[in-house]
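Working notes, structure below.
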Amino acid sequence: MDLPGLVPPYLVRRPVPQDVESVFELVDAGDRHLLGRPDSTMAEIRELMEMPRSPLDTDHWLVERDGRVVAWGLVMDEGGVSRLDVDVYVHPDLPLADRAAIRGALFSALLDRTAERAAAVDGGELTVVAGCIVGDTEYETALAGNGFVAKRRFSRMRIDLAPDRPFPAAPDGVELEPFDPARDWVEWHAILESSFADHWGHEPRSLADFRTSVEAMDQPELDRWRFARLDGRRAGICQTSGRYADHGGGWVLNLGVQREARGRGVGRFLLEHALASYAADGRSWAGLGVDTENVTGALRLYESVGMSPALQIDAYERR
């Protein structure tokens, strides 16, 4: 296949599942160049390449040079109604002019694809979102040049875990309950959706789409998921993921408390329990992502338990 603006020795093709290791090496090279350390995992890349609503043969592009993967562009559909995510990775070792040309060609392909998708929805319009690590000036320039505008800043929070981190005492009226995959999907999904309904950019997802996304995860850690009961009623959830287990870390994917239960220590108890559980299992650190302008005060909660930003990401949007 061809992309306007790209000429040999650069070649474009669709990826196949066997490309996951080569794609990971590309993303890892970018992490090390920009952050000075590894950040992504093979499991994370595999999840992105196996997204059911973003098939490899329509929503992903690979650029190769001399048989080596040097760039990847993708459209990510997590089941929302009116929002799509896009991303472009280009190997930092390429010449600057080549990196710019490859980004331009891939963004053109991604935006053409999102326009096709937009034509199929009511109103014929979608919001396209792209994340950019703060300080990545090349990517900021590429996004601005393609009509994206920075809208929101997110922090990836992290904490180092001492092996003897204590488990928290339960607040009055609060108790934990394990998630049971044989019977709890409906209620889990309902609490997740209601907890995040007032968050910026939240897109409601059906139960079917949520379950599909979990099934696509490399290590969903269902045995660690916990409900919080407040005065006998389920009112919060803590959903973890094992995507950083190979790096010695734990990850809190979703921490949600229903609006009427906030202010009773439910969120803190869920989080502290997850951190202590990871420490007890020998994990050396844990992390999560947070909207820095979150209206529920989540950032203050995470800072109060000892978490601090490991990096910041700006969310850019284009209609």
Side-chain angles (χ1 to χ4, degrees), residues 1-78 84-117 128 130-133 135-143 145-146 148 216-219 243-247 311 313:
M1 64 186 299
D2 296 320
L3 283 182
L6 284 189
V7 297
Y10 296 107
L11 303 175
V12 184
R13 66 173 174 87
R14 299 294 188 183
V16 295
Q18 293 77 15
D19 288 315
V20 64
E21 186 171 350
S22 296
V23 173
F24 168 71
E25 290 172 356
L26 162 69
V27 175
D28 184 62
D31 291 341
R32 292 173 187 271
H33 174 77
L34 191 61
L35 305 174
R37 56 176 171 78
D39 185 67
S40 302
T41 68
M42 189 87 74
E44 189 176 5
I45 302 306
R46 187 177 294 107
E47 287 176 17
L48 291 173
M49 293 180 67
E50 293 179 354
M51 296 182 74
R53 290 178 172 268
S54 300
L56 294 178
D57 59 355
T58 60
D59 292 347
H60 295 247
W61 294 257
L62 288 187
V63 179
E64 291 184 323
R65 177 173 178 168
D66 301 326
R68 177 192 182 201
V69 173
V70 296
W72 177 37
L74 66 156
V75 176
M76 293 167 280
D77 181 352
E78 296 186 4
L84 291 172
D85 290 88
V86 299
D87 215 340
V88 171
Y89 299 87
V90 180
H91 203 289
D93 288 349
L94 298 181
L96 178 61
D98 291 14
R99 296 199 300 267
I102 291 170
R103 283 194 183 93
L106 286 174
F107 267 115
S108 179
L110 294 174
L111 292 173
D112 284 348
R113 177 59 178 148
T114 56
E116 292 175 1
R117 283 172 164 263
V128 187
C132 179
I133 294 174
D136 187 351
T137 55
E138 278 189 40
Y139 202 41
E140 290 171 358
T141 299
L143 288 168
N146 283 280
F148 287 83
M217 292 180 185
D218 192 67
Q219 298 183 64
R243 65 174 52 162
Y244 293 103
D246 292 343
H247 287 196
L311 60 84
I313 299 172

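Numbers for residues simply follow the sequence, beginning at 1. Scope of the values below: all heavy atoms of this structure, side chains included, with no hydrogens, waters or symmetry mates.
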**Report entry** Residue D2 excluded, over 12 heavy atoms near CG under 6.0 Å
**Finding:**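 No.
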
Between the side chain of [X] and the main-chain N/O of [Y], is any donor-acceptor distance below 3.5 Å?
{"X": "N146", "Y": "A142", "result": "yes"}
{"X": "H60", "Y": "W72", "result": "no"}
{"X": "D31", "Y": "S40", "result": "yes"}

Report task. List for me each residue that meets side-chain contact (heavy atoms from CB on, under 4.5 Å) alongside D19, sequence neighbours excluded, and say none if there are none. Result ->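 Result, side-chain contact (heavy atoms from CB on, under 4.5 Å) vs D19: R13, P15, V16, V23, M49, L62.
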
Query raised in the report: Side chains of D87 and Y139: donor-acceptor distance under 3.5 Å anywhere?
Result: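 A donor-acceptor contact under 3.5 Å links the two side chains.
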
Report task. Answer yes if the side chains of H91 and R65 hold a donor-acceptor pair under 3.5 Å, and no otherwise. Result ->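 No, because no side-chain N or O of H91 sits under 3.5 Å from a partner of the opposite role on R65.
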
Requested in this report: State which residues pass ring-ring contact (aromatic ring centres under 6.0 Å, His included) with Y10; sequence neighbours excluded, sorted by chain then number.
Outcome: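 None.
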
Residues two or more places apart in sequence or in another chain: which of them pass side-chain hydrogen bond (donor to acceptor under 3.5 Å, both in side chains) with [X]?
{"X": "D59", "result": "R113, R117"}
{"X": "E25", "result": "none"}
{"X": "D93", "result": "none"}
{"X": "R14", "result": "none"}

